[in-house]
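Heads up: the structure comes next, in structure tokens.
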Amino acid sequence: MLENHTAPGSSPPRDTLTGVLERITYHNEENGYTVGRLAVEGERDLITVVGCFSNPIVGELLFLEGRWVSHREYGRQFQVERYATRQPATAFAIEKYLGSGLIRGIGPVMARRMVEKFGTQTLEVIESAPERLLEVYGIGKKKVEQIQRAWHEQREIRNVMLFLQEKGVSSTYAVKIYKTYGDQSLQVVEENPYRLAQDIWGIGFKTADKIAQQLGIAPDSPRRLEAGLLYTLSEATEFGHLYLPEPRLLNAAADILGVEAQKLLPVLDTMADAQAVIAEDLPEAEMFGRPMRALYHPALYYTEIGLASQVRRRLAQALQRPLSHAKIAAWLDRQEQEQGVRLSEEQRLAVQMALESRVFVLTGGPGTGKTTVTNTIARAFDAQKKRILLVSPTGRAAKRLSEVTGRDAQTIHRLLKFDPATHQFAYNDTNPLPCDVLIADEVSMLDAVLAHNLLKALPENAQIVLVGDCDQLPSVGAGNVLGDLLESGVVPSVRLTQVFRQAQQSLIVTNAHRIRTGEMPRLVPPQERAGENCLWIEVEDSEEAARQVVKLARKSLPALGFRTDDIQVLSPMHRGTVGVGHLNELLQDALNPADPSGRAPELVRGSRRFRIGDRVIQLVNNYDRNVFNGDVGTIVEIRPESQILRVRFPEGIVDYDFADYDELQLAYAISVHKAQGSEYPAVILVMHSSQYLMLQRNLLYTGLTRARKLCILVGDRRAIARAVHNNKTTRRFTRLVERLRDGSAAERLPPDRLF
């Protein structure tokens, strides 16, 4: 019933409202903001309630305090300021409660059968006498066990939610916390909340720190300062750094922690003494009267040293049966006749050096014949009866490598076979890969950790050929492997520079090389197309640019024969009107709209909506599911009852718990960084001045060269000019170049620390 305790002439106290949550119209998991519909005894119509709820569940009995307000568009609403929940007491509410998807294994049909059998005692039966559920038609022993587990999990998750709510933290992460720590969740969080930031993807230092401060951990506690320093180092890897110079680490951590940088120095020294971080002198600079230090997370320190050691050791070993220059030249002459392909001098040199080197790097832009050289190198090793493996960092790149070489190719992760039980790759220095030669493509994407694990898994006498375009964006992960290998000057390499006549006929190729050398590309409007494969749509207004992107993807490109799966929208940024997030919302509604009948299931989490048929991209390596950052798939099934989202990837179907939805993102539009290593028949590339901070030459170059048949640039000329003339790439802090040239650091490494 409705109650109003406002007294005339006094400041109005809160109104109260009690009812059953009938429907959730909207819920934002990030901040808890919810719009719901409440069934109130004595009221014919449902009442609209708005406010912040940690985990609203249909069927719950809500006790609300707040204010009645009148919304200009939606009318009278109850604005919630405080609330309490109770398990539902009526049969109707219990059925709603159980049928909402709260308990894995119970859907609306099963909920109705249970309530018909047990009435208002249903929840008590589940809690205290679950064996009686066998009396319900359709429930067997396995289903009873499943419901028992899910009921226990939900109770524990609710405890975590209430704990987080008391600490002023979003309860979004409660399920992830429970899945990570199980029944020890509350104990772990209370003892060391900073573990959350280390152990659970998606929970950052700020969330963990908020809990810690609520638990009474002092702002200047060494425990807090250590956690802040480690978090700062970890965050630096998101920007590609393997280490941070001491002053940069201290200043960045001080900003995060809200303390003076000087207070962090003794804590950092203690951590370095205990090797919680690794400190290495930087001879080129001083600080406080001593050499400035490079500060590493231990795993990344030993990764960098191990990678340098692997490369240097392989370069120092001579080939067992080297071929003479004359034999290679004669074989190449025969190949040119048999294949009907004439190799340039630099291409012949590249083949020769690849055959003669233990480690070799081939680089060059589009149209310079990297694929031709790679195929020739593979045939040459075949002629020597050597076992060859082909790999690439991403699934799409591996698929393309297979297509152009006619050979099997795999992603590096799948080749090395990560074992979730041991948290190690199955192939490593004690169990090497069965190969004599490994050819890795798209190595501009290769980060230090993956490169180290790949080289570790090579047999001692194997050769490795690394192929990539050094003018593209560097790897998403930490390190600058391709750039550092080339800059060191110690690794044999060839850069292909000659653009062949056939490639010169492609405006994509010629524009890419113009951009690479700092020239403006030719911008051809669609009405002047005349067979060109690189077009330009000039739009000043960002909202109009977004509309143009949707029009191109929905109508214009399909009219030219491109399927939806052939078209990829790329943008430099995630936020903003022409950012990946907003474009995905528009493209989803245009290309895969909601079922107007409402019968098709959707997974709704805040502003995110996933539908059957949506194209999605994996955002993080998940070794348990054998899916990796950058993998793209399609949602094929949503099961609300079992809380499972099923995605078809090229390698097979993968099941996701609803709680892990944040590992996925819609992929109608993706960032240029995420598109590295992939090619698409048609690319719509947004370049707009509103993205000013991200506009760089290598980003424009990378985005343009993702297109195989057609690229359409959408934006304004100022953005293109800004990108072309901005060649100041952000420096990544690595010491791989010095280690490759010097080797002294690698020589100091104990063998058991090579991991």
Side-chain angles (χ1 to χ4, degrees), residues 198 205 220-309 311-312 447-449 451-452 474-475 477-481 483-490 728-750 753-755:
Q198 299 171 28
F205 175 81
D220 59 351
S221 161
R223 185 164 147 205
R224 178 175 183 261
L225 303 185
E226 285 181 14
L229 285 162
L230 285 174
Y231 169 75
T232 305
L233 274 182
S234 176
E235 190 180 41
T237 64
E238 299 295 317
F239 297 93
H241 303 307
L242 288 175
Y243 76 88
L244 283 180
E246 191 168 6
R248 185 156 176 162
L249 171 60
L250 291 171
N251 290 331
D255 286 343
I256 290 169
L257 292 163
V259 300
E260 295 177 6
Q262 195 70 24
K263 286 187 176 181
L264 294 172
L265 192 55
V267 177
L268 184 59
D269 288 339
T270 301
M271 294 172 70
D273 290 341
Q275 293 210 316
V277 297
I278 304 296
E280 187 175 61
D281 289 348
L282 293 170
E284 62 269 19
E286 285 195 355
M287 181 178 177
F288 305 129
R290 58 167 170 75
M292 185 190 296
R293 297 179 294 182
L295 282 309
Y296 286 83
H297 186 284
L300 291 180
Y301 175 76
Y302 292 116
T303 289
E304 186 177 74
I305 287 183
L307 176 56
S309 179
V311 173
R312 285 178 61 86
D447 61 53
V449 172
H452 181 215
S475 60
N480 185 28
V481 175
D484 287 349
L485 290 174
L486 293 170
E487 186 183 341
S488 72
V490 304
K728 296 178 182 177
T729 54
T730 304
R731 180 195 170 189
R732 293 190 166 196
F733 292 114
T734 82
R735 303 201 73 208
L736 183 58
V737 171
E738 293 90 336
R739 299 189 200 285
L740 288 170
R741 290 173 178 170
D742 178 0
S744 58
E747 289 158 12
R748 294 199 307 269
L749 180 68
R753 298 307 295 271
L754 276 170
F755 63 90

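All residue numbers in this chain count up from 1 along the given sequence.
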TODO: In sequence, state the C-alpha distance, the side-chain angles, and the governing distance for N480 and E487, and then conclude on side-chain contact (heavy atoms from CB on, under 4.5 Å).
DONE: CA-CA 10 Å; N480 185 28; E487 186 183 341; 5.7 Å; no

TODO: Starting from the C-alpha separation in whole Å, work towards a yes-or-no answer on side-chain contact (heavy atoms from CB on, under 4.5 Å) for T232 and F205.
DONE: CA-CA 9 Å; T232 305; F205 175 81; over 6 Å; no

Task: Worked check of side-chain contact (heavy atoms from CB on, under 4.5 Å) between V277 and H297 - done: CA-CA 5 Å; V277 297; H297 186 284; over 6 Å; no

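Checked by atom type and distance alone, the side chain of S234 never pairs as donor or acceptor with a backbone atom of L230 at under 3.5 Å. At least one donor-acceptor pair under 3.5 Å links the side chain of T303 to the backbone N or O of A299. Here the side chain of R224 pairs a donor or acceptor atom with the backbone of L257 at under 3.5 angstrom. N251 places a side-chain N or O within 3.5 Å of a backbone atom of P247 that can act as its donor or acceptor partner.
Separating the CD atom in E280 from the CG atom in L282 is a distance of 7.5 Å, to the nearest 0.5 Å. Here CG of L740 is found 7.0 Å from CG of L307. Values are rounded to the nearest 0.5 Å. In this structure, D220 CG and L264 CG are separated by 10.5 Å, a value rounded to the nearest 0.5 Å. The NE2 atom of H452 lies 11.0 Å from the CG atom of L736; values are rounded to the nearest 0.5 Å. Of the inter-residue distances, the one linking D269 atom CG with R293 atom CZ reads 4.5 Å to the nearest 0.5 angstrom.
Side-chain contact between L229 and L295 is absent, with no heavy-atom pair separated by less than 4.5 Å. Proximity of E246 to L265: side-chain heavy atoms (C-beta onward) are separated by under 4.5 Å at one or more points. Considering only heavy atoms from C-beta on, L300 comes within 4.5 Å of V449 through its side chain.
For P245 against F733, the heavy-atom pair with the smallest separation is CG-CE2, 3.6 Å. Considering all non-hydrogen atoms of both residues, A294 and Y243 come closest at CB-CD1, 3.3 Å. In this structure, A478 and D447 approach most closely via the heavy-atom pair O-CB, 3.3 Å. Between R732 and G477, the shortest heavy-atom contact is NH1-O, 3.1 Å. Residue P222 comes nearest to V267 through the heavy atom pair O-CG1, 4.3 Å, listed as atom of the first residue, atom of the second, then distance. Summarising the geometry of R741 relative to S488, their closest heavy-atom pair is NE-O, 3.1 Å, with the distance given to 0.1 Å.
A donor and an acceptor atom, one from each side chain of E304 and Y296, are located under 3.5 Å apart.
Using a cut-off of 4.0 Å between Lys/Arg side-chain N and Asp/Glu carboxylate O, R739 and D484 are scored as not salt-bridged.
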